[in-house]
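Note that the coordinates shown come from a computational prediction; the quantities given were computed from them, not determined experimentally.
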Amino acid sequence: MSAYDYDLFVIGGGSGGVRAARVSAALGKKVGVAEEYRFGGTCVIRGCVPKKLFVYASQFPEHFEDAAGYGWTVPQASFDWQTLIANKDREIARLEGLYAKGVQGAGGETFQTRATLIDRHTIRLEAENRTITADQILIATGGRPAAHPALPGHEHCITSNEAFHLAELPKAIAIEGGGYIAVEFANIFHGLGVETTLIYRGTEILSRFDMDLRRSLHETMEKKGIRILCRTVSEEVKRRPDGRLDVRVTGGDVLTVDQMMLAIGRQPNTEKLGLEVAGVELSPIGAVIVDQYSRTNVDNIWAVGDVTNRVQLTPVAIHEAMCFVETAFKNNPISPDHDTIATAVFSQPEIGTVGLSEDDAAKRFDELEVYRAVFRPMRHTLAGRDEKMLMKLVVDALSRKVLGAHILGPDAGEMAQLLGIPIKAGLTKDDFDRTMAVHPTAAEELVTMYKPTYRVKNGERVD
Ligand SMILES: Cc1cc2nc3c(=O)[nH]c(=O)nc-3n(C[C@H](O)[C@H](O)[C@H](O)COP(=O)(O)OP(=O)(O)OC[C@H]3O[C@@H](n4cnc5c(N)ncnc54)[C@H](O)[C@@H]3O)c2cc1C
């Protein structure tokens, strides 16, 4: 009989926490999980899922336009923001229920409350005004949009959290940030007919992605009508008498918009969690510091997901949770593998990418072969859409290993998932070459680029 109320108590009912709770409960452990807001966490409630639903919604105007080339006459379309929000909310509520039920069905207990640590084995459940004890504790409290207190008028700004619940669709929006959330929302709002400006302090959007993708996406977004201001920051946001906002940016220009969205990064949720009293070490930005097995410096307290500020993606949080369960409860220590993670940006066009960018590969390998194809996807031909698709393979010339694959165009995210397997497996360009193409597809280009477009030797491009 355990000396504690629970074998495992999880704080945070998001992607990582729910997975760890459900799988541990299914092993027969006595498990509790506390969620202060809504089960499902960021991904389900105000991240990946509602975002992707918005992406779908925002793509219809182009589909309607493209239909004409295929012989369709589409009557004048109209859009109702409230319908989208209501339908999205219904779907999110359904998923939320499934997440909580998943834990309960496996024998775990769910608590709708904020939870904080009192000491290394004791947790306070605030809404229930009581404490419980647990042998093992998992911190899976995720993160939240970074605030920007230094910006005068920041209180008038929204973040991605509010963007999912706006009472009205703005006529004009400014979005500050150059990461994937800022870029995705710029495309969403533009697609829904909102006059959109992206403000980014860096030289090019989407740092850390392959430069080819970054530049090509930037160009395409501008061609569609999204205004992108790089090397620019907002300096002041003022509410006008008519309720709109004046956003003054670098150089003194003023943008008048209905909403100003900040997407300048995310911050780990560790404040007032009691981590200090339990003796858990935090990084300077407040992330929980863990070892390779997701264990903190206090040996019964673990942390997974965004709160550890390793790689902030849902599948990563889930993978870390699975490794935690193996390590803590199955006597099978496994450390999460953060190398070569396939990922997508649901911009329009979409990005799918896995492995090293050309620039990163050039720093690590003496000689690269770069295979690059730019073409108009078949679906755009009859539609008359002048939008190109980009595919690129970065190959180590010596070992022939494919180091990175980068795609911009329709369904790039789906392709990246599949490319993640051969690239993770370390397959070579020769393996790609002897793979039969699937015809007619856009993806066939990935196995039919036989000659390098150029080489990179000691960091220099040679044609
Ligand atoms: C707009 C947006 C779009 C995104 N799109 C993608 C995408 O397309 N693909 C992708 O892979 N990732 C995406 N992400 C990232 C993804 O959502 C996160 O990486 C993922 O949700 C992290 O899971 P987690 O379990 O670490 O934390 P979360 O899912 O954030 O869950 C943490 C939970 O803990 C709760 N909590 C916090 N403190 C307490 C407390 N003291 N007591 C009780 N409960 C507490 C929170 O309410 C929250 O529900 C997106 C994120 C955002 C914001």
Q | Pairwise side chain to side chain donor-acceptor pair (under 3.5 Å) hits with a residue in residues 91-101, at least two apart | A | Arg38-Glu96, Glu91-Arg94
Any heavy-atom pair between the side chains of [Y] and [X] that's under 4.5 Å?
| X | Y | answer |
| --- | --- | --- |
| Met221 | Asn187 | yes |
| Ser335 | Arg295 | no |
| Val249 | Glu235 | no |
| Asp253 | Arg248 | no |
| Tyr180 | Ile351 | no |
| Val304 | Leu138 | yes |
| Ile139 | Ile11 | yes |
| Cys157 | His148 | no |

Would you tell me whether [X] and [Y] have side-chain atoms, one donor and one acceptor, within less than 3.5 Å of each other?
| X | Y | answer |
| --- | --- | --- |
| Ser58 | Gln348 | yes |
| Ser207 | Glu204 | no |
| Glu320 | Tyr293 | no |
| Trp302 | Gln136 | yes |

Could you check whether atom [atom1] of [X] has more than 12 heavy atoms from other residues, nucleotides or ligands sitting under 6.0 Å from it?
| X | atom1 | result |
| --- | --- | --- |
| Leu398 | CG | no |
| Asp299 | CG | yes |
| Tyr454 | OH | yes |
| Glu168 | CD | no |
| Glu195 | CD | no |
| Glu162 | CD | yes |
| Asp366 | CG | no |
| Lys388 | NZ | yes |

Look at the side chain of [X] and the backbone N and O of [Y], then say whether any donor-acceptor pair between them is shorter than 3.5 Å.
| X | Y | value |
| --- | --- | --- |
| Thr435 | Val447 | no |
| Lys424 | Asp339 | yes |
| Ser216 | Leu213 | no |
| Asp210 | Glu358 | yes |
| Asn309 | Ala287 | no |
| Glu350 | Ala344 | no |
| Arg376 | Arg385 | yes |
| Asp258 | Lys171 | yes |
| Asn332 | Glu326 | no |
| Ser294 | Phe324 | no |

Minimum heavy-atom separation for [X] and [Y], please, with both atom names.
| X | Y | value |
| --- | --- | --- |
| Pro422 | Leu418 | CD-O, 2.9 Å |
| Val49 | Leu95 | CG1-CD1, 3.7 Å |
| Ala405 | Leu419 | CB-CD1, 3.7 Å |
| Ser24 | Leu8 | OG-CD2, 3.4 Å |
| Leu403 | Ala361 | CD1-CB, 4.0 Å |
| Glu176 | Val233 | OE2-CA, 3.5 Å |

Q | Lys NZ or Arg CZ of Arg214 over Phe209 ring: under 6.0 Å, within 45° | A | no
Q | Cation-pi geometry met for Lys429 and Tyr371 (6.0 Å, 45°) | A | yes
Q: Take Asp430 and Arg400 through the test salt bridge (charged side-chain N to carboxylate O under 4.0 Å, His left out) and record every step on the way to the result.
A: CA-CA 7 Å; Asp430 304 324; Arg400 309 277 299 141; 3.0 Å; yes
Q: Could you tell me whether Phe164 and Phe54 have their ring centroids closer than 6.0 angstrom?
A: yes
Between [X] and [Y], is there a side-chain N and carboxylate O pair less than 4.0 Å apart?
| X | Y | answer |
| --- | --- | --- |
| Asp212 | Lys392 | yes |
| Arg379 | Asp411 | yes |
| Asp360 | Arg208 | no |

Look up atom [atom1] in [X] and atom [atom2] in [Y], then write down how far apart they are to the nearest 0.5 Å.
| X | Y | atom1 | atom2 | answer |
| --- | --- | --- | --- | --- |
| Ser15 | His319 | OG | NE2 | 14.5 Å |
| Met378 | Met389 | CE | CE | 13.0 Å |
| Arg455 | Glu369 | CZ | CD | 4.5 Å |
| Gln59 | Leu192 | CD | CG | 10.5 Å |
| Leu217 | Ile226 | CG | CD1 | 8.0 Å |
| Thr250 | Arg201 | OG1 | CZ | 11.5 Å |

Q: List the steps and the verdict of side chain to side chain contact (heavy atoms under 4.5 Å, CB included) for Thr197 and Ile175.
A: CA-CA 6 Å; Thr197 306; Ile175 301 175; over 6 Å; no
Q) Taking the six-membered ring for Trp, are Phe60 and Phe64 parallel (under 30°), tilted (30 to 60°) or perpendicular (over 60°)? A) tilted
Q.
Assess the residue pair Lys88 and His165 against the criterion (side chain to side chain contact (heavy atoms under 4.5 Å, CB included)); give the C-alpha distance rounded to whole Å, side-chain angles, the decisive distance to 0.1 Å, and a yes or no.
A. CA-CA 10 Å; Lys88 178 264 294 175; His165 295 284; 3.6 Å; yes
